[in-house]
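Both backbone and side-chain heavy atoms feed into the values below; hydrogens, waters and symmetry mates do not. Nothing fancy with the numbering, it's 1 onward along the sequence. Just so it is clear, the model here is predicted, and its values are computed rather than measured.
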Amino acid sequence: MNRFGQAAAGALLGLALVAVALWIARSLDLETTPDAKADGGYVTGFETGYGKPTGLVRWITTVDHKDIGALYLLLGSVAFFWGGMDAMMIRTELFTSSVDVWDAETYNGLFTMHGVTMLFFFATPVLFGFANYFLPLLLDADDMAFPRLNAIGFWLLPPAFLLVRFGLISDIGGHIIEPVLGEAAARPFFLLKPPETGWTIYTPLSAEKPNPTINLMLLGLHLSGVSTTIGAINIIATTFTQRGDGVEWSDLDIFSWTLLTQAGLILFAFPLLGSALIMLLLDRNFGTSFFALEGGGPILWQHLFWFFGHPEVYILVLPPMGLVSLILPKFASRELFGFKFVVYSTLAIGVLSFGVWAHHMFTTGLDPRLRVSFMAVSLAIAVPSAVKVFNWISTMWNGRVRLEAPMLFCVGGIATFIIGGVTGVFLASIPVDLIYHDTYYVVGHFHLIIMGLIPFGMFAAVYYWYPLFTGRMFNETLAKVHFWLSFIGVNVAFNTLIVLGMLGLPRRYARYAERFEPLQQVATVGAVLIALGTLAWVWNMLQSYRKGPVITDADVWNLKEDGFFTREWQWLEERME
């Protein structure tokens, strides 16, 4: 099938999906839906005589912010496991220096899917899940500003996820079926290869490679960008217009400040990524030349991608910073030290994040004067991040620190963030970056943030709010096992990658020099520890949901003693009365 045939088939498929969506919308009797109460219809949100639908219908049709928050968290957890499986398959291949587990094509597909899944379908949905569930509670709002738009934003994500993963699903399915049913049965699966472009989708490779699943991946990423932008608009509108009577700007909690800043970054970053994806789709299918040499050139893609890509790092890291800033004082029995400076540093990161993208491109031949300016901003953005670290340490200083599970993850996240941040400062220096660019040093630095502070902040929030989510308490011993396995695993795996990078090992290759094999095996052991910790977490969450001790008092963390019994816990207390 030629390019125009593929495009026509894609257009027909899109029209068919739209037609199905319209038919489903018409089939729903929206006029007979009773008016919801002010709480958005959560559990008792309808007048007497009415009730929310039960079972699957409830979850498909809900517009309640808590339900949608739970759906985001569920999808993010699925993506976390799927992306984690990709990572373990990658580490399995890298355990030895030769390509003897997966072939090179499958390895490249795993590498691509791991990055895309973790960034777009794990981290962002989980953060949006916390935002949807808790932002109205923290603001004393009835619901998100646009409940139906909120639901649409979520339901765009599952099809986007399947579009992105479709090629790898097909490829892995073929590998499973071939030994059992033979080559003939597996052949249809192998017709669709996974995208092998890398998660950065660099041109000209991504523009010229004929693999049709690259088109599916680009469409899925574009759809996820639309979903994320819708969510950001809702967060901004909710924060500005839905605050309760007693919640002034001066009363806004630190997590809400970071969510507001994140949403602002999304509004500027994601539409640019969407535009770049459309241009790449046009280059691939309609013969345009946005990223051809006679057009903008392959470097144009890097400028557009990284103008989104580096703010994306802060889109992901700012809410976990907010979670640490919210939770840590509760277990240090002290107010957050320098609250205003933490807020100002959050806003400063948001502004500066759009002036650092070209430090990813120091080796592309940019004008030296431009490189110096980007180096200066890249070094400067470390300052507001350091402000947060010093404020967190100062909050714990002379405090009555309780090393409960949420606090352990906060402290562990700070420790990994310090290492990841300091190694990032070196990469902001042009001479150092020219040496370490495209080595495992970059992988180690990045993962100390993306698998350090970000998920550690998320796990701290999950444990902190678990009694509020479920009405039950988790197993504290198992939670600490989860922490120590994760903390040790992250440091073993990714500090080892930093050492490999300093020794000069290039990243992204399935085959490497045999002398690096022992350190690669150490890194794989660290990855196994992370996986074991994650399994302990899943078991704890599921078993505690079934059999955990039922809470009888909303003040499960003794927050009233220090005056930290905040609005979301007050909401729980009212529901328990």
**Asked** More than 12 non-hydrogen atoms from neighbouring residues, nucleotides or ligands closer than 6.0 Å to CE on Met88, yes or no?
**Response** yes
**Request:** Tell me, with the steps shown, if Thr470 and Ser544 meet side chain to side chain contact (heavy atoms under 4.5 Å, CB included).
**Result:** CA-CA 9 Å; Thr470 64; Ser544 299; over 6 Å; no
**Item:** Arg511 (side chain) donor-acceptor with Ala104 (main chain) under 3.5 angstrom
**Value:** no
**Prompt:** For the residue pair Phe494 and His447, is the inter-centroid distance of their aromatic rings smaller than 6.0 Å?
**Reply:** yes
**Asked** Is a donor on one side and an acceptor on the other found under 3.5 Å between the side chain of His359 and the backbone of Ala428?
**Response** no
**Prompt:** Less than 6.0 Å separating the ring centroids of Tyr512 and Phe516?
**Reply:** no
**Message:** Are Phe255 and Phe134 an aromatic pair, judged by ring center distance below 6.0 Å?
**Reply:** no
**Prompt:** Is there a side chain to side chain contact (heavy atoms under 4.5 Å, CB included) between Glu404 and Tyr464 once you walk through the steps?
**Reply:** CA-CA 9 Å; Glu404 308 277 3; Tyr464 177 60; over 6 Å; no
**Item:** Derivation of the ring pair (Phe, Tyr, Trp, His ring centres under 6.0 Å) call for His437 and His360
**Value:** CA-CA 8 Å; His437 185 82; His360 295 273; 8.3 Å; no
**Asked** Which residue, Leu94, Val101, Val99, forms the side chain to side chain contact (heavy atoms under 4.5 Å, CB included) with Tyr107?
**Response** Leu94
**Item:** Worked check of ring pair (Phe, Tyr, Trp, His ring centres under 6.0 Å) between Tyr545 and Phe474
**Value:** CA-CA 8 Å; Tyr545 183 75; Phe474 57 85; over 10 Å; no
**Request:** Taking all heavy atoms of Ser325 and all of Val342, pick out the closest pair and write down the distance.
**Result:** OG-CG1, 4.0 Å
**Request:** Specify whether Phe268 and Phe354 have parallel, tilted or perpendicular ring planes, treating 30° as the upper limit for parallel and 60° as the lower limit for perpendicular.
**Result:** perpendicular
**Message:** If I compare all heavy atoms of Gly69 with all of Asn132, which pair ends up nearest, and what's the gap?
**Reply:** CA-CB, 3.7 Å
**Prompt:** With no hydrogens and no angle check, do the side chains of Glu514 and Ser97 hold a donor and an acceptor under 3.5 Å apart?
**Reply:** no
**Prompt:** Any donor and acceptor pair, going by atom type alone, linking the side chain of Trp301 with main-chain N or O of Ile201 inside 3.5 Å?
**Reply:** yes
**Message:** Can you tell me how the ring of Tyr463 sits relative to the ring of Phe459, calling it parallel under 30°, perpendicular over 60° and tilted otherwise?
**Reply:** tilted
**Asked** Would a line drawn from the ring center of Phe337 to the ring center of Trp397 be shorter than 6.0 Å?
**Response** no
**Request:** Check Val432 against Phe426 and note the closest heavy-atom contact, atom names and distance.
**Result:** CB-O, 3.3 Å
**Message:** Pair Leu497, Tyr441 - check side chain to side chain contact (heavy atoms under 4.5 Å, CB included), show working.
**Reply:** CA-CA 6 Å; Leu497 296 189; Tyr441 185 97; over 6 Å; no
**Prompt:** Hey, does the side chain of Asn540 reach the backbone of Ala536 with a donor-acceptor pair shorter than 3.5 angstrom?
**Reply:** no
**Request:** Drop me the distance from His222's NE2 to Leu163's CG, to the nearest 0.5 angstrom.
**Result:** 12.0 Å
**Prompt:** Do Arg165 and Thr117 meet the criterion of a side-chain donor-acceptor pair at a distance under 3.5 Å?
**Reply:** yes
**Asked** Under the 3.5 angstrom rule, does the side chain of Asp283 hit a backbone N or O of Phe291 as a donor-acceptor pair?
**Response** yes
**Message:** As a test of understanding, state which of Trp82, Trp537, Tyr72 forms a side chain to side chain contact (heavy atoms under 4.5 Å, CB included) with Ser77.
**Reply:** Trp537
**Message:** Set out, in order, the CA-CA distance, both residues' side-chain angles and the distance that settles side chain to side chain contact (heavy atoms under 4.5 Å, CB included) for Met541 and Tyr466, then state yes or no.
**Reply:** CA-CA 9 Å; Met541 295 297 97; Tyr466 187 81; 3.5 Å; yes
**Request:** Return yes if a side-chain donor-acceptor contact under 3.5 Å exists between Ser394 and Asn391, otherwise no.
**Result:** no
**Message:** For a quick check under 3.5 Å, do His303 and Trp357 share a side-chain donor-acceptor pair by atom type?
**Reply:** yes
**Prompt:** Which pair of heavy atoms, one from Ile327 and one from Pro406, lies closest together, and at what distance?
**Reply:** CG2-CB, 3.9 Å
**Prompt:** Is a side-chain N or O of Thr124 found less than 3.5 angstrom from the main chain of Leu119, in a donor-acceptor match?
**Reply:** yes
**Request:** Spell out, as yes or no, whether a donor-acceptor pair under 3.5 Å connects the side chain of Glu196 to the backbone of Asn108.
**Result:** no
**Request:** Report the distance from atom CG of Leu223 to atom CG of Leu277, rounding to the nearest 0.5 Å.
**Result:** 11.0 Å
**Asked** Does any N or O in the side chain of Thr112 come within less than 3.5 Å of the main-chain N or O of Gly198, such that one atom is a donor and the other an acceptor?
**Response** yes
**Message:** Looking at every heavy atom in both Leu73 and Gly129, which two are closest together, and how far apart are they?
**Reply:** CG-CA, 4.0 Å
**Item:** Check: Glu93 side chain, Asp100 main-chain N or O, donor-acceptor pair, under 3.5 Å
**Value:** yes
**Prompt:** CG of Leu448 to CD1 of Ile454: how many Å apart, nearest 0.5 Å?
**Reply:** 11.5 Å
**Prompt:** Is a side-chain N or O of Thr496 found less than 3.5 angstrom from the main chain of Ala523, in a donor-acceptor match?
**Reply:** no
**Message:** Centre-to-centre under 6.0 Å for His482 and Phe409, is that the case here?
**Reply:** yes
